[in-house]
Amino acid sequence: MAKKPNKLKARLPRGFVDRTAEDIRATDELTAKIREVYERYGFDPIETPAFEYTDCLGKFLPDTDRPNAGVFSVQDDDEQWMSLRYDLTAPLARHVSENINEIQMPYRTYRNGWVFRNEKPGPGRFRQFMQFDADTVGAPGVQSDAEMCMMMADVMEALGLKRGQYVIRVNNRKILDGVMEAIGLGGEDDTERRLNVLRGMDKFDKFGAEGVRLLLGVGRKDESGDFTAGVGLAEAHIDAIVEILEANSLDDLVDYSDGLTFKTKALSTLTANDNFEAGFNELKLISDLVRTAGYDKDRISIDPSVVRGLEYYTGPVYEAELLFDVTNEKGDVVQFGSVGGGGRYDGLVKRFTGRDVPATGFSIGVSRLITALKNLGKLGTDDVIAPVLVTVMDGDTEGLTRYQKMVQDLRAAGVRAEMYQGNWKKFGNQLKYADRRDCPLAIIQGSDERAAGEIQIKDLIEGKRLSAEIEDNVTWRESRPAQVTIKEANLVDTVKTLLAQQDEDRQRQREA
RNA sequence: GCAGACGUAGCUCAGUUGGUUAGAGCGUCGGAUUGUGGCUCCGAAGGUCGGUGGUUCAAAUCCACUCGUCUGUACCA
């Protein structure tokens, strides 16, 4: 026995997926709905390429030792490092900066595309995924942040989500900055600790108040025994932060009636500062704007516990969260978290231009949304009907032209149709193919039908239903269930009628 | 990145203290049925036991390393 030749193993790089017809159709449907909302709000599309020079993307500068940490990078032929984009915000900042003299501000723009992250993949977490962003560049007022929140809420409903199935949560980074300042972490050299406090607060959903206390204090050990170092804050300061996280609304924390006073115990001991005041006042303004526009707190909720880890946010931050249970393939309920978020980033364009260009915007995680919506049955993935199959009984030239003509007549009438392209001599295989492909109808014309100027149309869906009642194969074959004989001239009309009937049946079943 | 679990046919999984030719179900393909899907029956193909190295007369089984998957955690611009 000869050794097998070493075959090359076909394999997908980890963290990447092939997308099926179903996935692609679902994505198209979803992005079309999102786009419609953005357009209605007066946003215009822009597209930037997948690659950018690495230094333009942000914190990975050319002198970084590992340009592939977190991003996928390659070296151009002139030795410059280029990277695949890891979000759509940094490329937008680059585009705006490069064209700042031509762009009419405020610039309202949206875009969707693939982004890439070179990090550990997990279930529902890939190294290539799609985002769909909207941003307003050059508008400093919180009214544009309020608009973003309302637009996100409208997107959720355009996707078919009902009140109570989602919520847009809003906070202001200045409030958190104010807290940091008040507890003595406002200085330059406390950047790292500040960041760790924010990260700890961000875990409130996951670990609850107790977990956050540990992370802000002495540190936390997880189930596997791995230890996360704590920030080591004082008890009183941790109390204040937990009060913020546990608050359900602004009114729980602050009294606006007489200047600005804190209502809760630990917060009251902190001294107010400019950041605090600006943060709370901006949040109040956003709240007033969206409430007056008719968005109640079941759609847009002012929630001081929203953090968002990103360092570049400078003001309002917001995220869209799904409130219904999402189950995975195994049927377990998974913590789904947010499907989109954003905020104000006033410093991003300044990096390139030196000019103050305020901006705010958000990103929707299309891939994650699809997973969740599929689960909820909100994506009509089964409404693409497989083609009508024209079977082949005579494979000579004359026969093939006849069958091909039928197919073209059907196509011209707008019916999805195809001629069997496999080995026509095994007729059983043709119907088996049609069955597995979920074809609604099969068109059959052999020499007998041909001589009589007739065609047989087999309803494969009805036939499948009838098969349950027939047990022996001879009867099954000879009774030719759900099959009609028609005149050649009536082919297109009859096919359309039968398809329409099947469609009605489907509607009825869906309603039942 | 850190910690743990796991890796046997396309899929789901058996495989005894290390011992002949590594099995089953499902799926795939062929036939019964050369002009009719499903059911039933018969038959076949399909395996570097994740990879490499080691211990041993002998390794799917034990050891080391490595790759991959899953869980938790960290990071997530």
Side-chain angles (χ1 to χ4, degrees), chain A residues 3-7 9-15 52 54 56-61 64 66 69-71 83 85-91 93 115-123 125 127 129 195-196 199-200 202-203 206-207 211 215 219-229 308-313 328-330 332 334 345 348 351 363 389 391-394 423-439 442-450 456 458-483:
Chain A
K3 261 193 181 170
K4 277 193 184 171
N6 273 338
K7 280 179 292 189
K9 187 167 183 186
R11 56 201 185 107
L12 195 59
R14 84 194 165 97
E52 295 280 348
T54 306
C56 288
L57 283 181
K59 70 182 186 183
F60 292 97
L61 300 167
T64 305
R66 296 173 55 217
V71 296
S83 300
R85 62 187 174 193
Y86 52 75
D87 69 11
L88 297 176
T89 309
V115 301
F116 304 83
R117 294 191 185 177
N118 190 2
E119 39 184 55
K120 180 183 145 185
R125 206 176 148 158
R127 297 206 288 175
F129 55 98
L195 215 54
N196 282 332
R199 285 169 189 154
D202 211 12
K203 297 284 187 292
K206 215 169 177 179
F207 301 147
L215 284 172
R220 179 180 181 277
K221 192 185 274 191
D222 70 46
E223 293 142 50
S224 71
D226 202 25
F227 183 74
T228 309
R308 301 202 57 77
L310 283 64
E311 297 157 75
Y312 62 59
Y313 289 132
N328 63 13
E329 315 80 49
K330 291 180 200 154
D332 304 327
V334 293
Y345 51 97
L348 226 48
R351 284 192 307 136
S363 177
L389 184 75
T391 60
V392 175
M393 282 203 166
D394 296 306
N423 178 9
W424 63 274
K425 289 184 179 170
K426 305 215 183 239
F427 188 71
N429 284 350
Q430 301 198 35
L431 288 183
K432 198 189 257 184
Y433 169 84
D435 188 42
R436 295 198 181 165
R437 197 152 159 43
D438 288 324
C439 292
I443 311 299
I444 303 167
Q445 189 189 47
S447 49
D448 297 349
E449 292 86 359
R450 166 79 179 136
Q456 303 226 17
K458 192 179 188 68
D459 184 331
L460 292 161
I461 296 170
E462 178 67 3
K464 182 174 291 204
R465 206 178 57 74
L466 292 174
S467 79
E469 295 155 20
I470 304 172
E471 276 173 24
D472 78 297
N473 191 252
V474 177
T475 312
W476 162 245
R477 292 170 70 175
E478 289 178 354
S479 67
R480 296 189 175 176
Q483 201 164 322

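Fair warning: this is a prediction, and the values are worked out from it, not measured in the lab. Chain A is the first sequence line, chain B the second, and so forth, proteins listed ahead of strands; every chain is numbered from 1.
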**Student:** Distance check needed: B/C75 P versus A/Glu119 CD, whole Å only.
**Tutor:** 12 Å
**Student:** Within this structure, what is the CG-to-P distance between A/Asp472 and B/G37, rounded to whole angstrom?
**Tutor:** 12 Å
**Student:** By nearest atom, which of the nucleotides B/A74, B/C76, B/U36 is closest to the A/Arg477 side chain?
**Tutor:** B/U36
**Student:** Which part of the nucleic acid, if any, lies within reach of A/Asp459 when heavy atoms closer than 4.0 Å are counted: base, sugar-phosphate only, or nothing?
**Tutor:** base
**Student:** Supply the atom-to-atom distance A/Arg85 CZ to A/Glu52 CD, rounded to the nearest 0.5 angstrom.
**Tutor:** 8.0 Å
**Student:** Give the rounded distance in Å between these two atoms: CH2 of A/Trp476 and C1' of B/U36.
**Tutor:** 9 Å
**Student:** Measure the distance from CG on A/Asn473 to P on B/C42 and round it to the nearest whole Å.
**Tutor:** 16 Å
**Student:** Given B/U28, B/C75, B/U73, identify the nucleotide with an atom nearest to the side chain of A/Arg220.
**Tutor:** B/U73
**Student:** Closest to the A/Gln456 side chain: B/U36, B/U73, B/C75?
**Tutor:** B/U36
**Student:** Rounded to the nearest 0.5 Å, what's the gap from CZ on A/Arg465 to CG on A/Asp459? Could you check?
**Tutor:** 9.5 Å
**Student:** Reckon A/Phe207 touches a base, only the sugar-phosphate, or nothing at all at heavy-atom distances under 4.0 Å?
**Tutor:** sugar-phosphate
**Student:** Considering only atom C1', compute the distance from B/U61 to B/U16 and round it to an integer number of Å.
**Tutor:** 11 Å
**Student:** Could you check whether A/Ile444 gets within reach of a base, just the sugar-phosphate, or nothing at all, counting any heavy atom under 4.0 Å?
**Tutor:** base
**Student:** Indicate, with a heavy-atom threshold strictly under 4.0 Å, whether A/Lys426 touches base, sugar-phosphate, or nothing.
**Tutor:** sugar-phosphate
**Student:** Expressed as a whole number of Å, how far does the C1' atom of B/C39 sit from that of B/U33?
**Tutor:** 13 Å
**Student:** When all nucleic acid strands are considered with a 4.0 Å heavy-atom cut-off, which category describes A/Ser447: base, sugar-phosphate, or nothing?
**Tutor:** base
**Student:** Taking atom P in both B/A5 and B/C65, what distance in whole Å separates the two?
**Tutor:** 13 Å
**Student:** Of the nucleotides B/G68, B/G1, B/G35, which has the atom closest to the A/Lys120 side chain?
**Tutor:** B/G1
**Student:** Does A/Glu471 get its side chain close enough to the base of B/U40, under 3.5 Å, for a donor-acceptor pair?
**Tutor:** no
**Student:** Mind calculating the distance between NZ (A/Lys464) and P (B/U36) to the nearest angstrom?
**Tutor:** 19 Å
**Student:** From the list B/C29, B/A77, B/U36, which nucleotide is the closest neighbour of the side chain of A/Arg436?
**Tutor:** B/C29
**Student:** What nucleotide, of B/U69, B/A74, B/G35, holds the atom closest to the side chain of A/Arg480?
**Tutor:** B/G35
**Student:** Would you kindly give the CZ-to-P distance between A/Arg308 and B/A77, to the nearest whole Å?
**Tutor:** 8 Å
**Student:** Applying side-chain contact (heavy atoms from CB on, under 4.5 Å), run through A/Lys458 and A/Thr391 and close with a yes or a no.
**Tutor:** CA-CA 11 Å; A/Lys458 192 179 188 68; A/Thr391 60; over 6 Å; no
**Student:** Nearest-nucleotide wise, let me know which of A/Gln445 and A/Asp87 is further upstream toward the 5' end of RNA chain B.
**Tutor:** A/Gln445
**Student:** Taking NZ from A/Lys432 and C1' from B/C39, how many angstroms apart are they, rounded to a whole number?
**Tutor:** 13 Å
**Student:** Could you check whether any side-chain N or O of A/Gln430 sits under 3.5 Å from a backbone N or O of A/Phe427, counting only pairs where one atom can act as donor and the other as acceptor?
**Tutor:** no
**Student:** Consider the side chain of A/Asp448, meaning its heavy atoms from C-beta on, and name the nucleotide among B/G35, B/G30, B/U28 that approaches it most closely.
**Tutor:** B/G35
**Student:** With rounding to whole Å, what would you report as the distance between B/G53 and B/U69 at their C1' atoms?
**Tutor:** 23 Å
**Student:** Could you walk me through whether A/Asn118 and A/Arg127 pass the side-chain contact (heavy atoms from CB on, under 4.5 Å) test, one step at a time?
**Tutor:** CA-CA 6 Å; A/Asn118 190 2; A/Arg127 297 206 288 175; 3.0 Å; yes
**Student:** Could you go through the side-chain contact (heavy atoms from CB on, under 4.5 Å) check for A/Leu195 and A/Arg199 one step at a time?
**Tutor:** CA-CA 6 Å; A/Leu195 215 54; A/Arg199 285 169 189 154; 3.1 Å; yes
**Student:** Using a heavy-atom cut-off of under 4.0 Å over every strand shown, decide if A/Gln483 touches base, sugar-phosphate, or nothing.
**Tutor:** base
**Student:** Find the runs of at least 3 consecutive base pairs, i with j, i+1 with j-1 and so on, that include RNA chain B, using Watson-Crick or G-U wobble geometry with both distances under 3.5 Å.
**Tutor:** B:1-7 with B:67-73, B:10-13 with B:23-26, B:28-32 with B:40-44, B:50-54 with B:62-66
**Student:** Kindly indicate whether a cation-pi arrangement holds for A/Arg220 with A/Phe207, taking the cut-offs as under 6.0 Å to the six-membered ring centre and within 45° of the axis.
**Tutor:** yes
**Student:** So what does A/Gly428 touch, heavy atoms closer than 4.0 Å: a base, only the sugar-phosphate, or nothing?
**Tutor:** sugar-phosphate
**Student:** For atom P, what is the distance between B/G23 and B/A9, given to the nearest Å?
**Tutor:** 14 Å
**Student:** Side-chain N or O of A/Lys203 versus OP1/OP2 of B/U73: is the shortest distance under 4.0 Å?
**Tutor:** no
**Student:** Which distance, rounded to the nearest 0.5 Å, do you find between the CD of A/Glu462 and the CD of A/Gln483?
**Tutor:** 12.5 Å
**Student:** Return the nearest nucleotide to the side chain of A/Tyr86; candidates are B/G37, B/A77, B/A74.
**Tutor:** B/A77
**Student:** Between B/A77, B/U36, B/A74, spot the one nearest the side chain of A/Arg117, thanks.
**Tutor:** B/A77
**Student:** Answer yes or no: side-chain N or O of A/Lys458 and base N or O of B/U36 forming a donor-acceptor pair under 3.5 Å.
**Tutor:** yes
**Student:** Looking only at atom C1', what distance separates B/U56 and B/A64, rounded to whole Å?
**Tutor:** 16 Å
**Student:** Can A/Tyr312 be said to stack with the base of B/A77, given centres closer than 5.5 angstrom and planes under 30 degrees apart?
**Tutor:** no
**Student:** What is the distance from atom OG of A/Ser467 to atom CG of A/Leu460, rounded to the nearest 0.5 Å?
**Tutor:** 11.0 Å
**Student:** Distance between the P atoms of B/U21 and B/A59, in whole angstroms?
**Tutor:** 12 Å
**Student:** With sequence neighbours excluded, tell me which residues meet salt bridge (Lys or Arg N to Asp or Glu O under 4.0 Å) with A/Arg437.
**Tutor:** A/Glu418
**Student:** Return whichever of A/Ser467 or A/Arg14 has its heavy-atom-nearest nucleotide of RNA chain B closer to the 5' end.
**Tutor:** A/Ser467
**Student:** I'd like to know if A/Glu449 reaches the base of B/G35 with its side chain, counting only an N/O donor and acceptor under 3.5 Å.
**Tutor:** yes
**Student:** Within this structure, what is the CZ-to-P distance between A/Arg125 and B/A74, rounded to whole angstrom?
**Tutor:** 12 Å
**Student:** Tell me which nucleotide among B/C76, B/A74, B/G30 gets nearest to the side chain of A/Asn429.
**Tutor:** B/G30
**Student:** Rounding to an integer number of angstrom, what distance separates B/C49 and B/G10 when you compare their P atoms?
**Tutor:** 13 Å
**Student:** Would A/Gln456 and A/Arg480 count as a side-chain contact (heavy atoms from CB on, under 4.5 Å) here? Give the steps.
**Tutor:** CA-CA 10 Å; A/Gln456 303 226 17; A/Arg480 296 189 175 176; 3.9 Å; yes
